[in-house]
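Protein chains get the first letters and strands the later ones, always in sequence-line order, with residue 1 at the start of each.
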Amino acid sequence: MLYRTAGQYKTSYASDQAVFPVRQDAILLGIILLLAWVIFPLTASEFTFQTLLIPILIYSLAALGLNVLTGYAGQLSLGTAAFMGVGAYACYKMVTLMPWLNPLVAILLSGAFSAGIGVAFGIPSLRIKGFYLAIATLAAQFFLVWLFEKWGWLYNYNSSGAIQVPNLTMFGVYVAGPQASTIVQYYVVLVVVSLLTWVTINLTRGTLGRTWKATRDMDFAAELIGINLMRSKLTAFAISSYIVGVAGALFVFMWRGAAEPNLFDIPLSFRILFIAIIGGLGSIMGNYLGAILIVGLPVMLNTVPEALGIHIDSATVEHLNIMIVGSLIIFFLIIEPHGLARLWALIREKLVIWPFPH
Amino acid sequence: MTDQAEGYTTADGRKIGGVVMEMKNITLRFGGVVAIHNISFDIREGEIRAIIGPNGAGKSSMLNVISGFYTPSEGEVWYKGAKRPPMKPYEVARQGVARTFQNIALFEGMSVLDNVMTGRLTHMKAGILPQMIWKGRAEAEETENRIIAERVIDFLEIQHIRKTPVARLPYGLKKRVELARALAAEPTILLLDEPMAGMNVEEKEDMCRFILDVNDEFGTTIALIEHDMGVVMDLSDRVVVMDYGKKIGDGSPDEVRNNQDVIDAYLGVQH
């Protein structure tokens, strides 16, 4: 009833090609945006910002980047965390070398560095596919983390070997560093995430998106209908790594405040891959659903039993979290390989015709 | 019947133009295996040209040479009056050669409409920036090409499934969607690799009608491989017959039907 599409006629191709051809979807998005832009900032506590809102947005962005590469272009990658690291270190170098640089600009520029490195490590994809490519990207993962550790210039020869986010101002307001307030950081993250999501939606529904999907689904047929596979794969690596790099810069500058090289080690790559898989490969919304689940689950396990008066110690929560996430991944791989986004699509299909079965 | 310079008129009165593509002494080797041995033939503008032959005769290899998937070991491919340098398959496609596949090679994760739209990719030139913001050229192109894609969808009578994911379609419809994808590119030459394989009589008749209509409506030059002799003889204007990588016959269906070598190849010969 709520989702009935009857009566919504399309009279032009442009309206049929709109992002939300169904009015209810647009309304739903409006509600989500209202929540994210107005309601949450007004109501959320410091704790909610730090443990839920900001990390969910950043992880979604990283998963979105990975999804461009793996979900849309079909190139498996295990090097996501390393590319996030490239973004973070690039951003750090930029703001320390050029303190006058607007931090938002620095964050958006830092993606360009990871895009370049991403393309370089994407070159093997021209010859190898699937698991073998995954191993090649794993090389990027190990090599780059090693580089973050060994190349002192990257962390300005700190004795700690870690990068510390300095205080950064934008239009007279602290946006990063110890002085920055959480709500400002939340808005910076939200602006970047919204912008990149919008761009990615446009890219994936247009020419480039079709090129990627064709490459993913049947590469030789793609080539025989006129797609330059090299360009298709390398643009996917570039754009994916750009988004991942920006996510990495946000990760350190807007959330963690500091980073050691091993922060960008393989567990983070896996975490983002899990978000993308559980959320749904080849979907935009799935990244958000996946991030909400992966980030929200431990918080929920920590707080809900406590609120109900059941005491579970934190070590157990950690174990429970790993067990639940693990079984969810197995569940999704078997039952619904297209993830939460696909589940939502099925529910939506039912809602459109509800209360009738067909 | 065949006038080399001028082209010819078919039995049903269609005018066939000059040579669009010419294969000159093509030889294709895979190591010690000679898949194609010194074959020459031409494809003329507006005709339906069939390549037939028993299993393993090298027909598909020949089609792959035409579409640039294989580079011939020897010989030249001439296209629109110029020798074609060795090029990648996607470059050949951009020159106006589209094809379908023996085993359907659709993009299973996409809808029928998106599949047909991929056929338009060679015509879409918008840069990455307009695409990012979905404005200007990117937006205009999307609609312009949608109109052409819809015309093809209309023509092949698959409107009702345009938003259906390809993976859900039955075999016969998939074949039709594949034809739609190739046609959407508005090719100069359309290559069909066994368009009728695995179809029942009704689907075959439909497909024949579509092939004839495509040739008639858009004037597309068609080169096809097919096993069903009845279909080939009915459809095509000229036929190349291959056997063991060699050309054993070339001409109108009637000429080929009465060619002793062809009869021997198909029916066997007494030793």
Give the minimum heavy-atom separation between B/A105 and A/F220, together with the two atoms involved. CB-CZ, 4.0 Å
Distance from B/I128 atom CD1 to A/L208 atom CG, nearest 0.5 Å? 5.0 Å
Any idea which heavy atoms bring B/F101 and A/A221 closest together, and the distance? CZ-CA, 3.9 Å
Applying side-chain contact (heavy atoms from CB on, under 4.5 Å) to A/F113 and not counting sequence neighbours gives A/V86, A/A90, A/M94
Pull every donor-acceptor pair under 3.5 angstrom between chain B and chain A and give the atom names with distances.
residue	atom	partner	partner atom	Å
B/Y90	N	A/E223	O	3.4
B/Y90	OH	A/N228	ND2	3.0
B/R94	NE	A/G226	O	3.0
B/R94	NH2	A/G226	O	3.0
B/G109	N	A/D217	OD2	2.9
B/D114	OD1	A/R210	NE	3.0
B/Q131	OE1	A/L208	N	3.0
B/M132	O	A/N202	ND2	2.7
B/E142	OE2	A/R210	NH1	3.3
B/E142	OE2	A/R210	NH2	2.3
B/R146	NH1	A/D16	OD2	3.2
B/R146	NH1	A/Q17	OE1	3.1
B/R146	NH2	A/D16	OD2	2.8
B/K163	NZ	A/D16	OD1	2.9
B/K163	NZ	A/D16	OD2	3.0

Set of residues satisfying side-chain contact (heavy atoms from CB on, under 4.5 Å) with respect to A/L289, sequence neighbours excluded: A/M285, A/L340
What residue, out of A/I225, A/I239, A/I201, has the most heavy-atom pairs lying under 4.5 Å from chain B? A/I225
If you count the non-hydrogen atoms of other residues, nucleotides and ligands that lie under 6.0 Å from CZ in B/F30, is the total more than 12? yes
When B/G109, B/G119, B/A126, B/A182 are compared by non-hydrogen pairs under 4.5 Å with chain A, the top option: B/G109
For B/V232, give me all partners under side-chain contact (heavy atoms from CB on, under 4.5 Å), at least two apart in sequence or on another chain. B/A50, B/I52, B/E226, B/S236, B/V239
If you count heavy-atom pairs under 4.5 Å between each of A/G282, A/A214, A/G209, A/A222 and chain B, which one has the most? A/A214
